[in-house]
Amino acid sequence: MKIKNIFFDFDGVIVDSNEIKSQAFYKLFESYNVTIAKKVLAHHENNIGMSRIDKFRFYLDNYIDDKRFSIKILNKKFSKLVVKNVIEAKFITGAKKFLDENYKFLNFFLCTSTPQEEIEIILKKKNIDHYFKKIYGSPLEKNKQITYILKEFKIKNQESIFIGDSINDYKSSKSCDIKFILMMNKFNDSFFKKYDVERIKNYKELHNLLFKND
């Protein structure tokens, strides 16, 4: 059966922005305590796909005992560090072309852990918001984002794929019975060694995978 629906993660899948987020997590805590900043960075890179709010909550519970910090303050500072840079970040090779050439006859959906308001701004500034029939960000968990889309658009699971780059993406797609395809990068190779998943490095490979029998 042909694929009719594609669910995309954003960072590391459509835009090459994982490094931007890593640097932001480090910078956010560097002036406070370099040791803690390194622990935050390690935790973040081991938990790509986890929402930043959940990460901030974890850091405040486990690393930081300082009333000057709060989830709201951290989130505001983080947004200032990343939004402009993500808007200016390069697309994953072939992503823009793939979206532009296929959005009229494939259904595209975006499911990300980036906050809803922030991802809408980024997509609009990058002029790619119109490619997606639905855009979901946090605080809604990714598996719920997928579930809501499946129901709203009456989508058949077997006609759908999820393209992600994290264990969270993998688990979310599997919990919704959607085929997962891994967009490979330096952040995820070691995490997926024990997983039997289809892998791609760019959108030319995705195109060949989807249309190889056409």
(request) Take Glu118 and Arg52, measure what salt bridge (charged side-chain N to carboxylate O under 4.0 Å, His left out) needs, and give me the verdict at the end. (result) CA-CA 12 Å; Glu118 188 174 303; Arg52 79 178 63 150; 2.7 Å; yes
(request) Starting from the C-alpha separation in whole Å, work towards a yes-or-no answer on side chain to side chain contact (heavy atoms under 4.5 Å, CB included) for Met183 and Ile200. (result) CA-CA 5 Å; Met183 181 65 74; Ile200 57 174; 3.6 Å; yes
(request) Carefully, step by step, assess Lys133 and Tyr103 under the rule side chain to side chain contact (heavy atoms under 4.5 Å, CB included). (result) CA-CA 9 Å; Lys133 293 187 177 298; Tyr103 81 102; over 6 Å; no
(request) Evaluate the criterion ring-ring contact (aromatic ring centres under 6.0 Å, His included) for residue pair Phe58 and Tyr63; output intermediate values, then yes/no. (result) CA-CA 8 Å; Phe58 178 83; Tyr63 299 161; 5.5 Å; yes
(request) Output, in order, the C-alpha distance, side-chain angles, deciding distance and verdict of ring-ring contact (aromatic ring centres under 6.0 Å, His included) for Phe78 and Phe25. (result) CA-CA 7 Å; Phe78 190 91; Phe25 272 106; 4.6 Å; yes
(request) Dump the intermediate steps for side chain to side chain contact (heavy atoms under 4.5 Å, CB included) on Asn107 and Phe153, then the final yes or no. (result) CA-CA 10 Å; Asn107 300 314; Phe153 292 88; over 6 Å; no
(message) Does Leu182 form a side chain to side chain contact (heavy atoms under 4.5 Å, CB included) with Tyr170? I'd like the steps, not just the answer.
(response) CA-CA 8 Å; Leu182 175 67; Tyr170 171 80; over 6 Å; no
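Interatomic distance, Ile64 CD1 to Lys39 NZ, rounded to the nearest 0.5 Å: 9.5 Å. Note: Asn85 CG to Lys21 NZ = 10.5 Å, rounded to the nearest 0.5 Å. The CD1 atom of Ile146 sits 11.5 Å away from atom CD of Glu141, with the distance rounded to the nearest 0.5 Å. Atom CD1 of Ile181 and atom CD1 of Ile161 lie 4.0 Å apart (nearest 0.5 Å). With rounding to the nearest 0.5 angstrom, the OH atom of Tyr148 is 11.0 Å from the SG atom of Cys176. Put simply, CG on Asp16 and NZ on Lys90 are 8.5 Å apart, with the number rounded to the nearest 0.5 Å.
With contacts defined as side-chain heavy-atom distances shorter than 4.5 Å, the pair Asp9/Cys111 does not qualify. Within the 4.5 Å cutoff, side-chain heavy atoms of Ile53 are placed close to those of Ile71. Annotation: side chain of Phe132 is not in contact with side chain of Phe109 (no heavy-atom distance under 4.5 Å). Between Val86 and Phe10 there is a side-chain heavy-atom pair separated by less than 4.5 Å. With contacts defined as side-chain heavy-atom distances shorter than 4.5 Å, the pair Ile128/Lys96 qualifies. Using a 4.5 Å heavy-atom threshold, the side chains of Lys38 and Tyr26 count as touching. Under the 4.5 Å side-chain criterion, counting only non-hydrogen atoms from C-beta, Leu150 is in contact with Ile178. Side-chain atoms of Asp11 and Thr114, non-hydrogen and from C-beta on, do get closer than 4.5 Å to each other.
One hydrophobic cluster, built from ILVMFWY side chains closer than 4.5 Å, holds both Ile135 and Ile6. Side-chain heavy atoms closer than 4.5 Å link hydrophobic residues (I, L, V, M, F, W, Y) into clusters, and following such links, even through other members, never connects Met50 to Phe192. Residues Leu28 and Phe69 share a single hydrophobic cluster, defined by chaining ILVMFWY side chains whose heavy atoms lie under 4.5 Å apart. Residues Ile163 and Phe187 do not share a hydrophobic cluster, clusters being chains of Ile/Leu/Val/Met/Phe/Trp/Tyr side chains in contact below 4.5 Å. When the side chains of ILVMFWY residues are joined at heavy-atom separations under 4.5 Å, either directly or via intervening members, Leu209 and Val13 end up in a single hydrophobic cluster.
A donor-acceptor distance shorter than 3.5 angstrom exists from the side chain of Gln116 to the backbone of Gly137, with no hydrogens or angles considered. Judged by distance alone, the side chain of Ser172 and the main-chain N or O of Asp169 form no donor-acceptor pair under 3.5 Å. The closest donor-acceptor contact from the side chain of Gln145 to the backbone of Leu140 lies under 3.5 Å. Side-chain N or O atoms of Asp177 include none that pairs as donor or acceptor with a backbone N or O of Asn157 at under 3.5 Å. Put simply, the side chain of Asn33 never gets that close to the backbone of Phe29: no donor and acceptor are under 3.5 Å apart. In terms of modelled atom types and a separation under 3.5 Å, the side chain of Asn188 and the main chain of Phe191 share no donor-acceptor contact.
Under 3.5 Å, the side chains of Asn18 and Asp165 contain a donor-acceptor pair of N or O atoms. A donor atom on one side chain and an acceptor atom on the other are not found under 3.5 Å apart for Asn202 and Thr93. A side-chain donor-acceptor contact under 3.5 Å links Glu45 and Ser22. Using modelled atom types and a 3.5 Å distance limit, the side chains of His43 and Lys55 yield no donor-acceptor pair.
Using bins of under 30°, 30° to 60° and over 60° for the plane-to-plane angle, the ring pair Phe56/Tyr59 lands in the perpendicular bin. Using a 30° and 60° split on the angle between ring planes, Phe8 and Phe98 fall in the perpendicular class, above 60°. Ring orientation note: the planes of Phe105 and Phe211 are tilted relative to one another, at an angle of 30° to 60°.
Salt-bridge check for Glu152 with Lys134: passed, with a basic side-chain N closer than 4.0 Å to an acidic carboxylate O. Glu120 has no carboxylate O lying under 4.0 Å from a charged side-chain N of Lys124, or vice versa, which leaves the two without a salt bridge. Salt-bridge formation is not detected for the pair Lys97/Asp100: no Lys NZ or Arg NE/NH1/NH2 atom is positioned less than 4.0 Å from an Asp or Glu carboxylate oxygen. Between Arg199 and Glu205 there is no salt bridge, since no side-chain N of the basic residue sits under 4.0 Å from a carboxylate O of the acidic one.
Between Asn185 and Gly12, the closest heavy-atom pair is ND2-O, 3.9 Å. Taking every heavy atom of both residues into account, Ser166 and Phe180 meet most closely at O-CZ, 4.1 Å. When all heavy atoms of Ile155 and Ser160 are compared, the pair lying nearest together is CG2-OG, 3.1 Å. Nearest heavy atom pair, residue Phe108 against residue Tyr131, reads CB-O, 3.4 Å. The shortest non-hydrogen separation linking Ser113 to Ser51 is CB-CA, 3.8 Å. Residues Ala89 and Lys126 approach most closely at O-NZ, 2.8 Å, considering heavy atoms.
Counting heavy atoms of neighbouring residues, nucleotides and ligands inside a 6.0 Å radius, atom CG of Asp65 does not exceed 12 of them.
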